[in-house]
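Since the structure is predicted, the reported quantities are computational estimates derived from the model, not experimental observations.
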Number of protein chains: 2
Amino acid sequence: MTAEAAPRKNRPAGRPAQKILSKEGITVAALKLIAAGGYEALTMSGLARRLGVAPSALYNHVASKHDVLVMVQDHVMAGVDVSGFGTEPWAEAVRRWAWSYRDVFSLHTPLIPVIAVLPVTGAPRTLAMYEELTAGFLAAGWPQPLIVPAIVALESFIFGSAYDVTAPEDIFESGELAAANPKFTAAVRARQRDGGGTGSRTADAAFRLGLEGLISGLEAQRQGWAEGGGQAAAGR
Amino acid sequence: MTAEAAPRKNRPAGRPAQKILSKEGITVAALKLIAAGGYEALTMSGLARRLGVAPSALYNHVASKHDVLVMVQDHVMAGVDVSGFGTEPWAEAVRRWAWSYRDVFSLHTPLIPVIAVLPVTGAPRTLAMYEELTAGFLAAGWPQPLIVPAIVALESFIFGSAYDVTAPEDIFESGELAAANPKFTAAVRARQRDGGGTGSRTADAAFRLGLEGLISGLEAQRQGWAEGGGQAAAGR
DNA sequence: ACCTGAACACCGTTCAAGT
DNA sequence: ACCTGAACACCGTTCAAGT
């Protein structure tokens, strides 16, 4: 297929004439493996096979498989669209960013537990995204203390929604328990779908509703903060 | 410690006089294992050891480890507080539910990928929770087509936020990249924390902001729907 | 420094044999 | 039907040996 990863043919032991592996190469190979066979296909030996090396060779470049996931994550993050910040109104920029973020990570849900707890130090592109976001929030007049909590809230919603995209369409069919749960069963039948039809975009309808709610609701929280002189709204 | 799982002492092969395992017993043992050593400790052989059987014996009662996670999930779900629905105003009931849901699953984040795509058919307690929720939304006057999308949106936010609870406090420290990302670095320093101090509840501040935003924003979306005669708000 | 090859300590799961 | 015990096909990771 591609020429870059010529299969190893009985290469002798010992340090090779010029080095074969690099972090960048490992990351690219990992992304190809994922594209071809999903995250199940991403194993250290699968990665080594594709790169034409022994599995143990990988450990000269990464400390663990977790390291590989971090590298993949930072690469994938480049696909998130922050172009609206600086060119569009705040709400519109958030919309563009949020939809692209969800779409990208719905194809990479196994990265979510990794990103969600990952110190940004190790992920320069992710950090760059946050910098763009922050600039956009500041330009829209957001008070500094609310910016990080607002971004975290939006991201939390996006991560959860990315899982939802991967759920089967009939996830809420109550089956034989329908009779015991009539109100929910009826609500599932009547639920709003995106596009108005019975097409398979129930995840989109929920994401749109939540995102529009969050955008207007965060805006309201911001007003409340300004009026309250620096305290957040109603508590637990 | 407990008497129930007396260690096996050279029990002979063959069907025992009376059966030793049950789904309920396996679930309880799994929860104890998790409480003691987290999800790393939940292995099929660890489970078998605690129950005093051979690992293969478990497969007479469950088809896979995924089955065990589903059973654990339904058990954990019982800890979510839906008592507000029917006794409190809608917003207050949602608050109580959402905080308890997040708190419970922040201790069980490995279940999130399982629940998020799990057909409710296999999880009766989860289904019962949705029934309660739906009743509460209906009683508050929610239009039927918006109820499921609204619940899904709230749940997505809750799942994402549960991960956030487990993140290290210094997750946003930009380290040596601080100079290249000045606005974000400053926003992190200035960020709102719950309780007003520098205590470790940054996750709570973000959750509160997002939840209050969602509650008021969803309320606004509901108004928009009523006024628009049955269409949702601004699109992609 | 950076590769090979063998080995280690696990996983989840299958299956024949036993009562 | 429901257990044991051995075996299988994987994992990620370590480490001595080689250049």
Side-chain angles (χ1 to χ4, degrees), chain A residues 4-27 29-30 33-34 36-73 110-111 113-114, chain B residues 4-27 29-30 33-34 36-73 110-111 113-114:
Chain A
E4 72 187 272
R8 154 172 69 117
K9 336 183 158 181
N10 47 15
R11 182 188 306 113
R15 186 186 187 189
Q18 68 169 30
K19 69 182 205 161
I20 302 162
L21 296 176
S22 68
K23 286 193 189 235
E24 182 64 19
I26 292 172
T27 308
L33 228 41
I34 292 162
Y39 278 82
E40 301 164 44
L42 183 60
T43 65
M44 295 304 271
S45 44
L47 204 44
R49 196 178 321 116
R50 181 176 251 283
L51 288 161
V53 297
S56 53
L58 296 168
Y59 291 88
N60 289 306
H61 302 265
V62 298
S64 64
K65 182 176 178 180
H66 184 261
D67 265 20
V68 176
L69 291 175
V70 169
M71 283 153 43
V72 168
Q73 181 269 327
L111 292 179
V114 175
Chain B
E4 72 186 274
R8 157 171 69 117
K9 336 183 155 179
N10 47 14
R11 182 188 306 113
R15 187 188 186 187
Q18 68 169 30
K19 70 184 204 160
I20 301 162
L21 296 175
S22 68
K23 287 194 188 232
E24 182 63 20
I26 292 171
T27 308
L33 228 41
I34 293 161
Y39 278 82
E40 301 163 47
L42 182 60
T43 65
M44 294 303 271
S45 45
L47 205 44
R49 196 179 321 115
R50 182 176 252 283
L51 288 162
V53 298
S56 52
L58 295 167
Y59 291 88
N60 289 305
H61 302 266
V62 299
S64 64
K65 183 176 178 180
H66 183 261
D67 265 20
V68 176
L69 291 175
V70 170
M71 283 154 41
V72 168
Q73 181 269 329
L111 291 179
V114 175

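Separating the CZ atom in R49(B) from the OG1 atom in T43(B) is a distance of 6.0 Å, to the nearest 0.5 Å. Atom CG of L69(A) sits about 7.5 Å away from atom CD1 of I34(A), to the nearest 0.5 Å. To the nearest 0.5 Å, the span separating CD1 on I20(B) from CZ on R11(B) amounts to 3.5 Å.
Pair assignment for dT4(C) gives dA16(D), based on Watson-Crick or G-U wobble hydrogen-bonding distances that are each under 3.5 Å. Pairing for dC10(C) is absent, with no Watson-Crick or G-U wobble pair whose two atom distances lie under 3.5 Å.
Taking every heavy atom of both residues into account, A57(A) and L21(A) meet most closely at O-CD1, 3.7 Å. Across L42(B) and K65(B), no two heavy atoms sit closer than the pair O-NZ, 2.7 Å.
Distances were taken from every side-chain heavy atom of A54(A) (C-beta onward) to each of dC3(C), dC2(D), dT4(C); the shortest belongs to dT4(C).
Atom P of nucleotide dG18(D) and atom NZ of K19(A) are separated by 24 Å, given to the nearest angstrom. Note: CD (Q18(A)) to C1' (dA1(C)) measures 14 Å, nearest angstrom. In this structure, L51(A) places its CG atom 15 Å from C1' of dT4(C), rounding to the nearest Å. Note: CZ (R15(A)) to C1' (dT4(C)) measures 15 Å, nearest angstrom. Rounded to a whole Å, the CZ atom of R11(B) is 5 Å from the P atom of dT4(D). Following rounding to the nearest Å, N60(B) (CG) and dA16(C) (P) show an atom-to-atom distance of 14 Å.
Distances shorter than 4.0 Å separate none of the side-chain N or O atoms of H61(A) from OP1 or OP2 on dA1(C).
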Tabulated below should be each protein N or O lying under 3.5 Å from an N or O of nucleotides 7-13 of chain C; please produce it.
unit_1	atom_1	unit_2	atom_2	d
dG12(C)	OP1	K65(B)	NZ	3.1
dG12(C)	OP2	M44(B)	N	3.0
dT13(C)	OP2	Y59(B)	OH	2.7
dT13(C)	OP2	K65(B)	N	2.9
dT13(C)	O5'	Y59(B)	OH	3.3

Determine, stepwise, if the pair L58(B) / V68(B) fulfils side-chain contact (heavy atoms from CB on, under 4.5 Å).
-> CA-CA 10 Å; L58(B) 295 167; V68(B) 176; over 6 Å; no
